[in-house]
Each structure stands twice: as C-alpha cells, then as structure tokens.
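See below for the structure under consideration.
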Amino acid sequence: MNTKLLYIKEDLSNLDELEPIARAMDKGQVVCFPTETVYGLGARYDLDEAVKEIFRVKGRPQDNPLILHESSVERMAAYYKDWDKVAETLTAAFCPGPFTLIMEKADDLKTVASAGLNTIGLRIPDHPVAHALIKYLGRAIAAPSANISGRPSPTNGSDAYEDLAGKVPYIVVADPSRVGLESTIVSWVGGKLELLRPGGISAKQIGDALIKAGIDPLDLGFKVFSMEDYEKESKPRAPGMKYRHYAPRANVHIIKGDNLEDKLSYIKEHIDQGSLGLKPGFYISIELNKRLSDNPWPVLTFEDTADHHAGSHYLFTAFRELDREACSDIWVENLDFNGLGQAYMNRLEKAACKTLRDPSQGPHL
Ligand code: TXA
Ligand code: MG
C-alpha cells in the first residue's frame, strides 16, 4: 500500500484536505492522525472490521482495549452507562486535554474497541486537527498510539511514517505533539478511582480538581502518588505495565541521582568500568551535557530538568533518533516525580525494563 503523508496546518486553513481522509475512514480504512499527546492510529469506532484492522496493523493483542476520541464532553458522556459528579468534575477540569476516563460502557455501545470488557475509555484531544477530523466524521475515532506494539509512540509525522509506511493509506501530519507522552488514564469503576497510567495531567491536578468540587479523593480510594508510593506500587495495574514497552531497539538505562553531581558521578563510574555499552547514546539536560564536555558519543539534550515539559516532549523522539544512530545503549537522565515527571519516569522505567522483548522488534544492537 502506498502511504500518503498529508500536512494539515494547525490553523486549519486547508481543512478541505481532510475530505479524502474521512472518506477512507468511512470505507473502513485506518489512518494515522496527530493529537497533542502522541500520534494515533485511528478508525471509525462503529466499523468492526476497521477497528480489527487497527489491532492487525499495530500488532496488538485482541484483548487489549482501545480508547475512543470524541469532540465534546456532552458527546463523550453518551458512551458511558452512568454519568455522575466525579465524571462531571474530571471532564470539566481536563477535557479537552491529555486525560482519558474509563467507566462502565453504555449497554447499547457495541464496539470491538472495548475488547469484550464492560468498560470504555474516552478522551477529547486538545488538538485542532484531531478535533476537526472527529467533527468531520461525526462520530468517535477508536485509536491507540500509532507505534507498532512495544515501540515508542510517534510524536511527529516522520516517526509515524517509520512504523506505518506501507501499512496505512494516510498519515495526517501536523506539528510535533505538544505533550509528547500519552494521556493520563483514570478508571472510575465500582466506586473506585484509580490512576492507571500517568500522563499529561498529574495525580495532584486530579486530586486538586476533586477537592475544589467538594469531593474528597480519599473517599474514592484515590491516592495522589508520591515518588515513594510509586516505587512501592510496582505491581502491574494497566495492560502492558510489567513488560518492556515504549522502547527503542537499544538498551535503555536510567541515569540515577538527586542532583547534577550525583548524576555525573553515576555516568563517570560507568565510563571508568567500561560499562556504557558498545555504542552509547545520551538523552540528558543541557546542564549535564556541559559537564560531560569530552563525551565522544551521540547526545540529544533537553532544556532543563526543572521544566518537565521539555524532557517529556522529546523523550520518544530521542529514543527513535538514537536508534537511527545505531546506539547499543541509551542513557537517559532521570527527573523528579513532580507534574509530568511521573509520566516521564513511568515511560522511562518501562523502556528500561528487561523482561519480555517482542522478537518482531528486530535484533538487539
Ligand atoms: O494519549 C493517548 O492516550 C493516545 C492518543 C492517540 O490518544 N492513545 C493511547 O492509546 O495511548 P493506547 O492504546 O496506546 O493506550 C491506551 C491504554 C492501553 O494500555 C489500554 O490497555 C488501556 O489504555 N485501556 C484502554 N481501554 C481500557 C479499559 N476499558 N480498561 C482498562 N484499560 C484500558
Ligand atoms: Mg500505546
């Protein structure tokens, strides 16, 4: 299949160009499209064969459900069985945005996207092109991240093309995704509020929004995770959590340390021991890079460890870029767990996880 890249300006001045995309989706084809978190691999949620094609293209097990993307809270609410003050509060605070809400699905909602579960996850992308496409179709788009299963999610058109060339008719391209990591997933099922995947909205923001609405998060069993809690809470809670995921081909290592000096000595120890790997690459802050001045290896930098948006925005891009440089090992600077730092560390830890690599990802370099 010939894959066309179609650039849509975020000012939507060439909106008519969405016409062939919508037509392809109406015919049951799967397309890649941009969102503010990462690029998605989408199909009309109500066409079973089209949704099954997503699982095939992505190489995703059929029992791993997909989330739906809608254009307004009012429309989103119709896919769930019930709607209550918690749902109202969370969606009012975080939609549109990098926030997915899982609740029991409406009895009449039939979609293979839910993979046989009685729950469904939905979010409203805060991206003009995604929004326009959903409106154009007039119904929800089922979409996982546009990576081949196990790989880092694409955050720009060329990374999406790397995984999807020849597999989909269209890749809709806009600017690189603003957040760069997937949405926060919250499950509100059976009276229990659980954060299944940290993302663009932090646990603290969720707790604060509930408190502001007069709801005590503790009454819902919700915990605002601290770094210590997070480390203790290592048992898998969302599908795919215990295995290597979001991963480049290279081995990933976390540069540990609470401050610059600690991180520097951590790297230097590995240099001294000759244990950086055959061809190491780095994804570190500008500050840390300055201190490694005679480093002969490929380095990609982000602005500042205090600005978690900067590190998160380029993490997946850096993984792919350093793979293209044929690095055997990628050394990535840790961030603290504030704000987006929790999502960043979650992806980094899974990428660094050693268990169960999918052999279809190719050989280890
Ligand atoms: O930012 C995002 O969320 C991106 C963009 C494209 O919207 N999408 C995304 O989808 O990351 P995906 O499929 O790559 O990740 C969604 C995760 C999966 O781990 C899936 O198992 C879980 O959400 N999930 C989906 N529906 C669920 C449900 N009903 N119950 C529990 N987990 C669910
Ligand atoms: Mg994904």
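From a predicted model like this one, the values you see are computed outputs, not experimental measurements.
Annotation: side chain of Thr91 is in contact with side chain of Trp83 (closest heavy-atom distance under 4.5 Å). Using a 4.5 Å cut-off on side-chain heavy atoms (C-beta onward), Asp11 and Lys9 make contact. Between Val186 and Phe99 there is a side-chain heavy-atom pair separated by less than 4.5 Å. Looking at heavy atoms from C-beta onward, Leu122 lies out of side-chain contact with Leu101 at the 4.5 angstrom threshold. Looking only at side-chain heavy atoms (C-beta outward), Ile254 and Met345 come within less than 4.5 Å of each other. Inter-residue side-chain proximity for Ile148 and Lys167 is flagged as met; some heavy-atom pair is nearer than 4.5 Å. In this structure, the side chains of Asn251 and Ser328 stay at 4.5 Å or more apart for every pair of heavy atoms. No side-chain heavy atom of Leu276 sits under 4.5 Å from any side-chain heavy atom of Asp329.
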Where do Lys81 and Asn118 land on the side chain to side chain donor-acceptor pair (under 3.5 Å) test, with the steps shown first? CA-CA 10 Å; Lys81 188 178 183 126; Asn118 64 352; over 6 Å; no
side-chain contact (heavy atoms from CB on, under 4.5 Å) for Lys263 and Arg291? Distances and angles first, verdict last. CA-CA 10 Å; Lys263 291 174 191 174; Arg291 301 288 299 275; over 6 Å; no
Take Leu210 and Leu90, measure what side-chain contact (heavy atoms from CB on, under 4.5 Å) needs, and give me the verdict at the end. CA-CA 7 Å; Leu210 291 168; Leu90 295 176; 3.9 Å; yes
Hey, mind stepping through Tyr136 and Ile21 against side-chain contact (heavy atoms from CB on, under 4.5 Å) and telling me if it holds? CA-CA 10 Å; Tyr136 214 104; Ile21 311 283; over 6 Å; no
How far apart are the C-alpha atoms of Gln342 and His308, what are their side-chain angles, what is the distance that settles it, and do they pass the side chain to side chain donor-acceptor pair (under 3.5 Å) test? CA-CA 9 Å; Gln342 197 183 16; His308 295 30; over 6 Å; no
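Of all heavy-atom pairs spanning Arg347 and Glu182, the tightest one is NE-OE1, 2.7 Å. Of all heavy-atom pairs between Ala143 and Gly42, the closest is CB-CA, 3.8 Å. The two atoms that bring Cys95 and Ile124 nearest to each other are CB-CD1, 3.8 Å, heavy atoms only. Taking all atoms of both residues into account, the shortest heavy-atom contact from Ala160 to Cys32 is CB-SG, 3.8 Å. Across every non-hydrogen atom of Pro144 and Lys58, the tightest pair is CG-CD, 3.5 Å. Between Ile284 and Leu288, the shortest heavy-atom contact is CG2-CD2, 3.8 Å.
With hydrogens and angles ignored, the 3.5 Å screen pairs a side-chain donor or acceptor of Ser202 with a backbone N or O of Gln205. A side-chain donor-acceptor contact under 3.5 Å links Asp323 to the backbone of Arg249. A donor-acceptor pair under 3.5 Å is absent between the side-chain atoms of His131 and the main chain of Pro125, judged by distance alone. Checking side-chain atoms of Thr111 against main-chain N and O of Asp46 turns up no donor-acceptor pair under 3.5 Å. Side-chain atoms of Thr3 come within 3.5 Å of backbone atoms of Val168 as a donor-acceptor pair (strictly under, hydrogens ignored). Of the possible polar contacts, none joining the His313 side chain to the Leu181 backbone as a donor-acceptor pair under 3.5 Å is found. Remark: side-chain polar atoms of Ser265 are paired, donor with acceptor, to backbone N or O of Glu261 under 3.5 angstrom.
For Lys279, the NZ atom sits in a packed shell: over 12 heavy atoms of surrounding residues, nucleotides or ligands are nearer than 6.0 Å. Other residues, nucleotides and ligands contribute more than 12 heavy atoms inside 6.0 Å of the OH atom of Tyr80.
Summarising the geometry, atom CD belonging to Glu333 is positioned 14.0 Å from atom NZ belonging to Lys256; distances are rounded to the nearest 0.5 Å. From Asn289, atom CG reaches atom OG of Ser285 across 8.0 Å, with rounding to the nearest 0.5 Å. Put simply, CD1 on Ile141 and CG on Leu133 are 4.0 Å apart, with the number rounded to the nearest 0.5 Å. To the nearest 0.5 Å, atom OG of residue Ser187 and atom NZ of residue Lys192 are 9.0 Å apart. Taking OG1 from Thr100 and CZ from Phe94, the interatomic distance works out to 12.5 Å, rounded to the nearest 0.5 Å. Atom-to-atom distance recorded for Leu66:CG and Ile120:CD1 is 8.0 Å, nearest 0.5 angstrom.
Residues Val332 and Tyr266 do not share a hydrophobic cluster, clusters being chains of Ile/Leu/Val/Met/Phe/Trp/Tyr side chains in contact below 4.5 Å. Linking Ile, Leu, Val, Met, Phe, Trp and Tyr residues whenever their side-chain heavy atoms come within less than 4.5 Å places Tyr344 and Ile330 in a single cluster. Side-chain heavy atoms closer than 4.5 Å link hydrophobic residues (I, L, V, M, F, W, Y) into clusters, and following such links, even through other members, never connects Leu5 to Phe33. The hydrophobic cluster containing Tyr283 also contains Tyr246, counting ILVMFWY residues as joined when their side-chain heavy atoms lie under 4.5 angstrom apart, directly or transitively. Linking ILVMFWY residues whenever their side-chain heavy atoms come closer than 4.5 Å, directly or via other members, leaves Val51 and Ile67 in distinct clusters.
With salt bridges taken as basic N to acidic carboxylate O contacts below 4.0 Å, one links Lys204 and Asp208. Classification of Glu287 and Lys290 as a salt-bridged pair fails, no side-chain N sitting under 4.0 Å from a carboxylate O. Under a 4.0 Å N-O distance rule, the pair Arg123/Glu36 qualifies as a salt bridge.
Using a 30° and 60° split on the angle between ring planes, Tyr45 and Tyr79 fall in the perpendicular class, above 60°.
Tyr7 and Asp175 are linked by a side-chain donor-acceptor pair at a separation below 3.5 angstrom, with hydrogens and angles left out of the test. Side chain to side chain, His270 and Ser275 meet the donor-acceptor criterion of an N or O pair below 3.5 Å.
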Residues 294-304 side chain polar contacts: donor-acceptor under 3.5 Å, at least two apart:
residue : atom : partner : partner atom : Å
Asn295  : OD1  : Trp297  : N            : 2.9
Asp304  : OD1  : Ala306  : N            : 3.0

Under 3.5 Å donor-acceptor pairs involving side-chain atoms of residues 23-30, not counting sequence neighbours:
residue : atom : partner : partner atom : Å
Arg23   : NE   : Glu19   : OE1          : 2.9
Arg23   : NH2  : Glu19   : OE1          : 2.9
Asp26   : OD1  : Arg44   : NH1          : 2.8

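The salt bridge (Lys or Arg N to Asp or Glu O under 4.0 Å) analysis of residues 83-100, with sequence neighbours excluded, yields no pairs.
Results of the side chain to side chain contact (heavy atoms under 4.5 Å, CB included) test with Ser153 over Asn147, Asp159, Thr37, Leu315 single out Asn147 as the only residue that passes.
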